[in-house]
Chemist: 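Please find one structure pasted underneath; my questions will follow.
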Amino acid sequence: MTKRAIIVGGGIAGLATALRLHQIGWQPVVVERAPARSSGGYAVTFSGIGYDSAERMGVLPALAERHITPDKMVYVKPDGQARFAVPGQTVRAMLGQRALNILRGDIEDVLYAAIRDAVEIRFGTTVTAVTQDAHGVDVSLSDGTVERADLLIGADGLHSTTRRLVFGPEEDFRLDLDHMTGVFMLDRLPSCVEEGTTSTLTDTGRTLAVISLGPGRAAAFFGYRTTSPMAELAEGPATVLPRVYRDMGWAAPEVLAQLPHAESVYFDTISQMVVGNWSRGRVVLLGDAAWCVTLFAGFGSSLAVAGADRLGTALDRHPGDVLTALRDWETDLRPEAEKKQALGRRVKGLYAPSDPFRLWLRDLPLRFASFGPVSSLLQRRLQLKA
Ligand SMILES: Cc1cc2nc3c(=O)[nH]c(=O)nc-3n(C[C@H](O)[C@H](O)[C@H](O)COP(=O)(O)OP(=O)(O)OC[C@H]3O[C@@H](n4cnc5c(N)ncnc54)[C@H](O)[C@@H]3O)c2cc1C
């Protein structure tokens, strides 16, 4: 009999899991709280085990088409003058060969295109209750239906409802790293930012980056230190971002002026999820819902795709035994997720340093790469490898 899975969440983790389960002959159903798909978001580095998995799952060529290389990355002073700049080809060389720089929304687009004709996706729907027995799991949904499945996958992100319903309150698992982040798409590039560049200003514990994504497409990225992340999350970006960035200068006023008209604003705490076991019976967490390594580690989308791929492989290997498959999958993936979480905690102090020495230290590798002879050497190495 065909095995069924309900996947809560249609982000990278949920869509990749749907694709992989479909590939092994399961029948996945995705429920996504948002009323429709949205695109864009922030640029992520997609590499490592997720890159390998995307290749195995057959979506790498479509992802590679969405790769973006900035013409250059410019690090500016508060008055807008460049401190230093790294040429795009050097950025590409630093990224390495098996890595992409891609919008989060573009990864979702590619995964969605791969499953939309084969997998049922219910938008505007969420999970409301879960019960399970030895043979399956009953999932009550907000559309009034109750779905019986062999497996329920909570891929519903940092503030997962599946985790709350089955594992316990979020506070039991959330480790705040004392920073907030915000991202939204811009209608117009601020006048002080050059087309084709990613330009960044960091001062006193806050960072603002403006990412030009080609004609008519740009994104603003905010990241700053805070001692009260959950309170600021409750206040919301419309209040908090102007308060924190009002006096920053450079592109901040022009970017903030676009905030009230932004189509959707991503605004959240930078927090990790520390969950002792990723499954309870036939309910498993995957992606940020399970481990959220954070943008400090820069590996969340890659782990989400690899997690999906390897879950499919484990389920395929144990066709009659979901529980053994889940145990094997976690044993295989957990060391990688914990390594990235440890990295995220280690580098958090360097993300938006409040003192000039730490800022200098943080920028040292980039400054080195921007230095003419080093830059040429890195580019030559990439050409040789290619
Ligand atoms: C600013 C920033 C920069 C980053 N940079 C990188 C990087 O360079 N490299 C990298 O690999 N990773 C990076 N990441 C991390 C990466 O984006 C995430 O780890 C990845 O997107 C997680 O995907 P996910 O599907 O697990 O969660 P999410 O993207 O949060 O998706 C969850 C989905 O579930 C839906 N949902 C939520 N609740 C419910 C519910 N109750 N019912 C139904 N649906 C629900 C949501 O609408 C959403 O569609 C970055 C993250 C941020 C914030």
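Order of listing sets the numbers, starting from 1, for every ligand and every atom in it.
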Chemist: Whether the side chain of Thr145 engages the backbone of Glu147 through a donor-acceptor N/O pair (distance < 3.5 Å, no angle test) should be reported.
Modeler: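 The answer is no, because no donor-acceptor pair under 3.5 Å joins these two groups.
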Chemist: Within the distance-only criterion (no hydrogens, no angle test), does the side chain of Thr200 pair as donor or acceptor with the backbone N or O of Ala209 below 3.5 angstrom?
Modeler: no
Chemist: For Thr198, what residues pass the side-chain hydrogen bond (donor to acceptor under 3.5 Å, both in side chains) criterion, not counting sequence neighbours?
Modeler: none
Chemist: Strictly below 4.0 Å, N to O, side chains only: are Asp109 and Arg66 in salt-bridge contact?
Modeler: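 A salt bridge links Asp109 with Arg66.
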Chemist: For residues 297-305, which side-chain N or O atoms pair as donor and acceptor with protein atoms under 3.5 Å away, sequence neighbours left out?
Modeler:
unit_1 : atom_1 : unit_2 : atom_2 : d
Ser302 : OG     : Ser47  : O      : 2.5
Ser302 : OG     : Gly50  : N      : 2.9

Chemist: Applying side-chain hydrogen bond (donor to acceptor under 3.5 Å, both in side chains), can you list everything that pairs with Arg116, at least two apart in sequence or on another chain?
Modeler: none
Chemist: Got the residues with a heavy atom under 4.0 Å of ligand 1, by chain and number?
Modeler: Val8, Gly9, Gly10, Gly11, Ile12, Ala13, Val31, Glu32, Arg33, Tyr42, Val44, Thr45, Arg104, Thr125, Thr126, Ala155, Asp156, Gly157, Thr161, Thr181, Phe221, Tyr266, Gly287, Asp288, Leu295, Gly298, Phe299, Gly300, Ser301, Ser302
